[in-house]
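One structure is given here, and the rest of the page talks about it.
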Amino acid sequence: MALQGQTVLVTGATGFVGGALARRLANDGADVKALARTPEKGHSLRDVPNIEIVQGDITDAERMKAVIQGCDIVFHVAAAIGGTFEFQHKANLDGVRNVMLAAAEAGVKRVVHVSTIAVYGYRASRAVTEATPPNPGRVAYNRTKAEGERTVREIGKERGVSYSIVRPGMIYGPRSNAWTRMLFQVARRKPTPFLGDGSGNPAPIYIDDLIDLMLLMAEHPAAENETFNAVNDPPPTWREFLGGYSQLVGHQAWFGLPVWMGTVVAPLAELVMTLRGTPQDVPALISYVTGQRTYSTAKARELLGWQPKTSLADGIQQCAPWLREKGLLS
Ligand SMILES: NC(=O)c1ccc[n+]([C@@H]2O[C@H](COP(=O)([O-])OP(=O)(O)OC[C@H]3O[C@@H](n4cnc5c(N)ncnc54)[C@H](OP(=O)(O)O)[C@@H]3O)[C@@H](O)[C@H]2O)c1
């Protein structure tokens, strides 16, 4: 049982990944401190044995010191996923610094930091490994997450904090807002609309497989101060990913919008988002979504013996009960 009897902090426990991780750790017998900015949002964790909900905001340095005192392991999952650069900088950089400095002061055994493949950017090469230099571009999320990683490494080195960084792809599974709920809502339309012919590659990873890797990273000697991609490798196509969700409602009809249509509206979309203070690099995003790309997971396989166990078909099937519960699937 992973981390049985150890005290672990999970930041972002009111979110999708942090909530699933907290439940899994508690189930394995760890003493889990689940960080919540707003404890009421942690209601689904309240009655889970071995979970204590602790109030705190990662941007509050003193509070993080108090919360991390006495912890063996910290899983730093919390992040700002949208908003202006300044807003995301505060959580994804200042927040990371607070967590790492508090971990140093508390002498924790390891910090597992959740980053993202978005640090490689939309202009990443066709075959990405952990040695591929980050190229986040000007998108605030990609940039601040890349800077967050740098902060983990700097403080880790300066203050002797053992860390391990995971870069997940598109995390899907029950309770996933983006890659299950929203993608399913697109896929259930008949025909399913998509940009291009759907032969480009998404980078999905099923939530349970990601958690398996994070648990290994918390203790495995070979994971110390290392960074790991977490995706399905080789990747499926968008047609297979969306098609898996369409199959839940019993159709496979597909409608490919010509890529040139996206290219024509891209500058306007970019202008609107820039004026709103959230530039996105839409032209690069279009070629990213329609292009072929592999994120290698050979490193996690070779160093930690990890590889995803859940096929895309099985993972999508496991989302069905939750989609029904949400009233999205009959
Ligand atoms: N979902 C994906 O496909 C994906 C892919 C790659 C990487 N990631 C990374 O995975 C991690 C978790 O993502 P997710 O999908 O679980 O996101 P999520 O559901 O939006 O959860 C984000 C969590 O972070 C918390 N948080 C944000 N700012 C905070 C602050 N200042 N202080 C304390 N807590 C704060 C949120 O708390 P509130 O509930 O109070 O808002 C929430 O619990 C993030 O680091 C993200 O970058 C996600």
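For ligands, and for the atoms within them, numbers begin at 1 and follow the listed sequence. Note that the numbering runs from 1 along the sequence shown for the chain.
Taking Arg276 as the reference, Val272, Thr278 meet the side-chain contact (heavy atoms from CB on, under 4.5 Å) condition, with sequence neighbours excluded. With sequence neighbours excluded, no residue satisfies salt bridge (Lys or Arg N to Asp or Glu O under 4.0 Å) with Arg46. For His89, the ring-ring contact (aromatic ring centres under 6.0 Å, His included) partners two or more places apart in sequence, or in a different chain, are Phe85.
Annotation: ligand 1 has protein neighbours Gly12, Thr14, Gly15, Phe16, Val17, Arg37, Lys41, Gly56, Asp57, Ile58, Thr59, Val77, Ala78, Ala79, Ile81, Val114, Ser115, Thr116, Tyr141, Lys145, Pro168, Gly169, Met170, Ile171, Trp179, each with a heavy atom less than 4.0 angstrom from the ligand.
When each of Tyr172, Tyr245, Trp322 is tested with Thr180 by the rule side chain to side chain donor-acceptor pair (under 3.5 Å), just one qualifies, namely Tyr245.
Taking SG of Cys319 as the reference point, atom CD1 of Ile207 lies at 10.5 Å (rounded to 0.5 Å). Once rounded to the nearest 0.5 Å, the distance linking CE of Met214 with CH2 of Trp306 reads 11.5 Å.
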